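One structure is given below, encoded as C-alpha cells.
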Amino acid sequence: MTKPTTNNVGIPVASDNDSLTLGANGPILLQDHYLIEKNAHFNRERVPERVVHAKGGGAFGFLEVTEDVSQFTKAAVFQPGTRTESLIRFSSVAGENGSPDTWRDPRGFAVKLYTTQGNYDIVGNNTPVFFIRDPIKFPDFIHSQKRRADNHLRDHNIQWDFWTLRPESAHQVTWLMGDRGIPSNWREMDGFGSHTYLWENAGGEKFWVKYHFKTDQGIGYLTQADADRIAGEDADYYIRDLWTAIERGDHPSWTLYVQVMPYEEAADYRFNPFDLTKVWPHGDYPLIKVGRYVLDRNPSNYFAEIEQAAFSPANMVPGIGPSPDKMLQGRLFAYPDAHRYRIGANFAQLPVNAPKSPVNSYSRDGAMRYQNPGDPVYAPNSFGGPHADAAYAGETVSSYGVVDEVIRSAYRLHAEDDDFGQAGTLVRKVMDAAQRERLASNIIGHAKKGVSEPVLERVFEYWRNVDKTLGDKVAEAFGK
Ligand code: NDP
C-alpha cells in the first residue's frame, strides 16, 4: 500500500481531487482547512533569491590534506592527513535563478568545510580577481550589470559605462572577455579564494595567503557561439553536467594550492597584496600544494541543501583570519546579513549550514528556532554556562596598518600599482594569438550589442590602456 497523504501535522487527508463544496456546483467551504493549508503553503514556497549568485548548483565531497603546511597555519582543517567533509556551491553572478548557465559571467566557487573547529568557508570565484576594490562601489556595480529600471532589460551600454568609469575593472573584464569567461562546465574550471587571508602557525608567526583550486579535469571553455546555442537548448547545462558526472561515478576533483607571502613583505611588495583587482604573480609567490578536493555526492534535496546553503567569508577558524582587503572586509558583513534576510535569523541551524562540531552559543529564540540553549541565558554566569576563552579560540587577527587616521581614501599605491598593468600582462604574455583573437571578437561582439556614445569612445580608450593593439582593433571594428 502506498503511504496515505497527510496534511503538514500528520492528519490523514481525504482528497487531492475535490475541494469541500456545498453541493457539486456550490461554493467552496472555509472549513476545508487542507485546501487552505495546501494553497497557502504553495504561496510561500520561495525564499528571496540571492541578489547576486542566484543561479547555481552544488554537491558534497571532502578536502584531504596530502601535504604539510603546518609551518604556515595551525588550523586543524589544514593539518597533514586531515580529511574534512565539504559542500560546494557553484553559481553565475548576475543572472536570476533560472537564467542560462552559459551566459558570460564570473562563476561563484563557494566551499564550506565542516571542520572540527567550526565551519570554514572559502567563498570565491573562478577568477582570481574582481571588478572593484572597495565595497562601497558594489551595489552600483551590480546594478549596472543587472536590469534597467524602466524596461527591465539588461543593457550592455550601462555595463560598459560602469566598467569604463571604473578602470580598476580592467583586469577582471579582460579575464571575463577571454576564453575563461565562459567555462565549458563547473568541473573544468579553477576556483580561487580571490581575497588575501591571514594564516597563523602554532608559534604565532603570521603569513598572507591566497587559495587556488586547480581543476584536475583540465580547463575547458565555450566559444561565444557555442555558449549562445547551449543557452537556448539547455539553460541548466552546468547543473546537469555536474549532477550526471557525479551520478555516473565520475567524481570531479581539484588540487588545492596556496600562495604564501611572509607577513612583513606586504608593506613593500610591488603590488598592493590586498587589492582584489591584482594577482600575486606566480614568479613572486609560487603555488604550494596543500591537498585534494573531491566532489562525490549529489544533494538529495536542492532547496534544502543548495538554495538554503549559506556561505560566509566571515566563517574563519582558529589559524585563519582576515586581511585588510577592503572587499573582504565588506563581505564579512554582507554575507551573513544576506542570509538573515533571505533565510532567517536561525539559518545556521538548518542541517546543511550547521557545523559538525558542537555549538555552545548564547544566541536564542527568533523565527524557526528549534534547538534552543537552556539556562544560563547570559554570560558571564555562575552556573556552568560556556565561557569565551581567548587561548582556546586562538583567534587570528592582525594589527596591520592600524595606527593611522580615519579617512576615506584609495589604497596607498605600491610601486607597480595601476589599473591596467596586470590586464595587459594577461593579454600579451599569457594569451596566445588565437586566444587574443577570440578576446577581441568577444569584446567587439559584446560592445556591438547596444553600446553607444559617449560610452563607446571610452571603451576604445579602456582597451587601448590594457593593450594598444587590442584597443585599436576594437576601435577599427566600429570604423574608428
Ligand atoms: P603565469 O604565467 O605564472 O601564470 C599565468 C596564469 O594565467 C596561470 O594561472 C594560467 O592558468 C592563467 N591563464 C591562462 N590563460 C588564461 C586566460 N585566458 N584567462 C585567464 N587566466 C589564464 O603568470 P603570472 O602569475 O605572472 O600572472 C600573469 C597574468 O596571469 C596575471 O596578470 C593574471 O592576469 C593571470 N593569472 C594569474 C594568476 C595568479 O594567481 N598569478 C591566476 C590566474 C591568472 P593555467 O595554469 O590553468 O593555464
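Ligands are counted one by one from 1 in listed order, and the atoms in each one are counted from 1 as well. As the structure is a computational prediction, the values presented were derived from the model and not from experiment. The residues of the chain are indexed from 1 along the displayed sequence.
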Between W254 and F90, how do the two ring planes meet: parallel, tilted or perpendicular, split at 30° and 60°?
-> tilted

Any atoms of ligand 1 less than 4.0 Å from a non-hydrogen atom of Q422? List them with their elements.
-> 32 (O), 34 (O)

Hey, does G178 sit under 4.0 Å from ligand 1 if you only count heavy atoms?
-> no

Please report which non-hydrogen protein atom sits nearest to atom 26 (O) of ligand 1, along with the residue it belongs to and the distance in Å to one decimal place.
-> P281 CB, 3.4 Å

Which residue supplies the protein heavy atom nearest to atom 20 (C) of ligand 1, what is that atom called, and how far is it?
-> W175 NE1, 2.9 Å

Side-chain donor-acceptor pair under 3.5 Å between Y263 and S398, yes or no?
-> yes

Test: R342 and E307 ion pair at under 4.0 Å | yes

for atom 18 (N) of ligand 1, nearest protein heavy atom and its distance come out as Q435 NE2, 3.8 Å

Can an N or O of W280 be found at a distance shorter than 3.5 Å from an N or O of ligand 1?
-> yes

Have a look at ligand 1 and work out which part of K214, if any, has a heavy atom under 4.0 Å from it: side chain, backbone, both or neither.
-> side chain

Which protein non-hydrogen atom lies closest to atom 3 (O) of ligand 1, naming both residue and atom, and how far is it?
-> H282 ND1, 2.9 Å

Can you say whether the rings of F109 and F213 are parallel (under 30°), tilted (30 to 60°) or perpendicular (over 60°)?
-> tilted

Per-atom filter on ligand 1: closer than 4.0 angstrom to a heavy atom of D190 are 47 (O)

Short version for K429: what comes under 4.0 Å of ligand 1, heavy atoms counted, is neither

For atom 31 (C) of ligand 1, closest protein heavy-atom neighbour = V279 CG2, 3.7 Å

N or O contact, D179 vs ligand 1, cut-off under 3.5 Å | no

Where ligand 1 meets V430 - atom numbers and elements under 4.0 angstrom, heavy-atom basis = 5 (C), 7 (O), 13 (N), 14 (C), 15 (N), 16 (C), 22 (C), 28 (C), 29 (C), 30 (O)

Is the backbone N or O of K210 less than 3.5 Å from a side-chain atom of Q259, with the two atoms forming a donor-acceptor pair by type?
-> no

Among non-hydrogen protein atoms, atom 40 (O) of ligand 1 lies closest to H212 CE1, 3.1 Å

Check for a donor-acceptor pair, side chain of H53 on one end and backbone N or O of V93 on the other, with a separation under 3.5 Å.
-> no

Side chains of E265 and Y285: is there a donor and an acceptor less than 3.5 Å apart?
-> yes

Heavy atom of the protein closest to atom 10 (C) of ligand 1 (residue, atom name, distance) = R180 NH1, 3.9 Å

Atom 34 (O) of ligand 1 has as its nearest protein heavy atom H171 NE2, 2.6 Å

Among side-chain atoms of Y462 and R458, is any donor-acceptor pair under 3.5 angstrom?
-> no

For E247 and N298, does a side-chain donor sit closer than 3.5 Å to a side-chain acceptor?
-> yes

Do R292 and S253 meet the criterion of a side-chain donor-acceptor pair at a distance under 3.5 Å?
-> no

Tell me which part of T127 gets within contact of ligand 1: side chain, backbone, both or neither, using heavy atoms under 4.0 Å.
-> neither

Is it the side chain (CB and beyond), the backbone, both or neither of P128 that lies under 4.0 Å from ligand 1, heavy atoms counted?
-> side chain

Heavy-atom count around E395 CD within 6.0 Å, excluding the residue itself: above 12?
-> no

